[in-house]
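Inspection log for the structure reproduced underneath, given as structure tokens.
Order of appearance sets the numbers: ligands from 1, and atoms from 1 within every ligand.
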Amino acid sequence: MKDLAKRFTENPLLMPKDLVASRNELQIISLLNPGVFRFQGKTWLLIRVAESIAQKEGVIFFPILNAMGQMEIIEVPLNDPDLIATDARIVNYKGLDYLTTVSHLRLLVTEDGIHFSEPESFDTSLFGRGELERYGIEDCRVSQIGDAYYLTYTAVSDSGVGVGLRITRDWRHFEFKGMILPPHNKDVAIFEEKINGKYYALHRPSSKDIGGNYIWLSESPDGLHWGNHKCLVKSRPGSWDSARVGAGAAPIRTPIRTPIGWLEIYHGANAAHQYCLGAFLMDLEDPAVVIARTTEPIMKPLENYELSGFFGYVVFTNGHVVDGDRLTVYYGAADEFVCGAYFSITEILAAMGFSPSS
Ligand code: MAN
């Protein structure tokens with residue numbers, strides 16, 4: 001069965017061997033989940049680079065950043081009875097969770113939307129900083145509000161998974177705003193326009209007990225302090241998004257000529273950790289009102305590079321570019337590659353029951 005995505009024939013656009021690791025002794029395991037923005041007339045990606053050291057047989061390593069921001073490696077024999085290593089992404093050792101890789105963010109630029117390179121005159125790597133980012137920083141959304149770029153990313157440490165914020169105007173200097181939403185939370189997409197004088201953001205708190213992995217909306221007077229939280233979109237039992245849902249990039253005011261709402265592309269997964277994309281539409285004046293949501297995925301893993309990799313059967317997006325009806329989505333495939341696909345916004349709206357004249 002097909003989906004609504006028109007994948008780039010050049011996919012995968014980026015794979016681990018295309019970039020150089022941040023340190024000699026490290027190797028890049030995955031390139032994935034890019035934030036996307038326009039700057040100086042070009043399209044830029046802020047991709048997640050997941051690194052570890054070369055694996056040896058019979059031993060597992062998991063890297064963490066020490067207080068100086070340098071990587072330290074913990075090494076454990078695979079047959080250690082205190083080790084639970086059933087997921088390629090996370091291990092549990094002596095009752096504590098660790099990631100198998102540490103991620104940083106890397107800046108890339110493109111002229112044609114397809115070929116990317118690290119811009120020479122920029123410091124292209126952003127690393128985790130401080131105690132709450134010891135396991136790395138991941139999956140950054142970039143929202144442009146005026147001339148400011150808001151970077152909201154997953155900050156991981158032994159204290160949990162929360163959301164960090166850095167703000168830049170020139171991609172050379174960054175204001176470090178610390179953790180804006182505490183654990184467990186991720187997938188924060190700030191709206192790129194204020195609504196009735198307030199900032200809005202989608203986010204994804206989760207509870208291990210009552211509740212689930214749902215998309216929430218919150219508002220803020222200043223883009224830093226968030227409140228009036230409302231639960232917006234839930235996982236659906238029996239569906240492709242039965243286990244978790246999370247926002248992609250900033251909502252799109254759409255269609256451009258006659259706005260009917262805020263369109264959000266989101267990811268959903270089932271209990272088997274199979275990730276697809278869907279969409280929902282929020283009211284233009286009051287985004288707490290969800291007008292419509294797609295039933296079937298608008299994109300699902302179909303190509304080899306989506307079905308197998310570091311963690312197979314995954315398409316995940318947190319970055320796109322809008323040009324009229326054309327939505328260019330950049331996405332992580334199989335948690336290992338960066339890929340691109342075009343969508344028609346009209347077709348996504350049609351999948352929710354809106355025709356161009358309705
Ligand atoms: C999940 C996955 C991983 C990620 C961790 C921490 O397990 O999304 O890729 O590293 O959460 O954010």
Side-chain angles (χ1 to χ4, degrees), residues 16 26 28-35 46-52 60-65 71 74 84-93 96-106 126-128 131-141 151-165 179-189 203-208 212-215 235 241 243-249 266-277 301 306 308-319 331-339:
L26 297 178
I28 297 179
I29 307 295
S30 314
L31 300 181
L32 64 166
N33 307 355
L46 190 59
I47 65 170
R48 171 178 169 194
V49 179
E51 298 178 312
S52 184
I60 191 162
F61 303 99
F62 29 96
I64 58 170
L65 300 175
M71 205 177 282
I74 300 173
I84 306 170
T86 49
D87 187 314
R89 305 167 300 177
I90 312 174
V91 292
N92 184 283
Y93 182 58
L96 293 178
D97 290 324
Y98 297 89
L99 294 179
T100 54
T101 58
V102 166
S103 294
H104 67 275
L105 305 173
R106 194 80 68 93
L126 271 67
F127 293 100
E131 285 223 339
L132 297 178
E133 300 182 357
R134 285 185 73 203
Y135 292 5
I137 55 177
E138 310 175 346
D139 304 349
C140 188
R141 279 77 176 164
L151 279 56
T152 49
Y153 55 86
T154 305
V156 196
S157 73
D158 49 345
S159 299
V161 176
V163 181
L165 172 69
M179 189 166 275
I180 54 166
L181 290 168
H184 191 108
N185 208 322
K186 51 167 52 176
D187 302 331
V188 166
H203 63 110
R204 212 288 299 283
S206 22
S207 156
K208 282 189 175 154
N213 300 299
Y214 306 149
I215 298 173
S235 47
D241 53 4
R244 59 186 63 242
V245 291
Y266 75 97
H267 66 267
N270 60 19
H273 303 296
Q274 298 179 323
Y275 284 72
C276 301
L277 304 183
E306 298 162 351
S308 67
F310 179 69
F311 195 79
Y313 214 97
V314 171
V315 291
F316 183 105
T317 187
N318 48 282
Y331 66 99
D335 270 4
E336 184 166 341
F337 313 108
V338 173
C339 296

Looking at Arg134 and Ser159, would you say the former's side chain and the latter's main chain have a donor-acceptor pair under 3.5 Å?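 Answer holds: no.
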Give a yes or no answer on whether the side chain of Asn185 reaches the backbone of Arg204 with a donor-acceptor pair at less than 3.5 Å.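 Pair found, side chain donor or acceptor close to backbone of Arg204.
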Among Leu32, Asp187, Leu277, whose side chain to side chain contact (heavy atoms under 4.5 Å, CB included) with Phe316 holds?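 Among Leu32, Asp187, Leu277, the one that satisfies the side chain to side chain contact (heavy atoms under 4.5 Å, CB included) with Phe316 is Asp187.
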When rounded to the nearest 0.5 angstrom, what distance separates OH in Tyr98 from CD1 in Ile74?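 If we round to the nearest 0.5 Å, Tyr98:OH and Ile74:CD1 are 4.5 Å apart.
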Check whether any side-chain heavy atom of Val102 lies under 4.5 Å from a side-chain heavy atom of Glu51, and answer yes or no.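 They are not in side-chain contact.
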Write out each pair where an N or O from ligand 1 and one from the protein are under 3.5 Å apart, with the distance.
{"from": "ligand 1", "atom 1": "9 (O)", "to": "Arg48", "atom 2": "NH2", "distance (Å)": "3.3"}
{"from": "ligand 1", "atom 1": "10 (O)", "to": "Arg48", "atom 2": "NH2", "distance (Å)": "3.0"}
{"from": "ligand 1", "atom 1": "10 (O)", "to": "Glu138", "atom 2": "OE1", "distance (Å)": "3.3"}
{"from": "ligand 1", "atom 1": "10 (O)", "to": "Glu138", "atom 2": "OE2", "distance (Å)": "2.8"}
{"from": "ligand 1", "atom 1": "11 (O)", "to": "Lys186", "atom 2": "NZ", "distance (Å)": "3.0"}
{"from": "ligand 1", "atom 1": "12 (O)", "to": "Glu138", "atom 2": "OE1", "distance (Å)": "2.6"}
{"from": "ligand 1", "atom 1": "12 (O)", "to": "Lys186", "atom 2": "NZ", "distance (Å)": "3.1"}

Any residue meeting salt bridge (charged side-chain N to carboxylate O under 4.0 Å, His left out) with Arg48, in chain and number order, not counting sequence neighbours: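 Salt bridge (charged side-chain N to carboxylate O under 4.0 Å, His left out) list for Arg48, sorted by chain: Glu138, Asp139.
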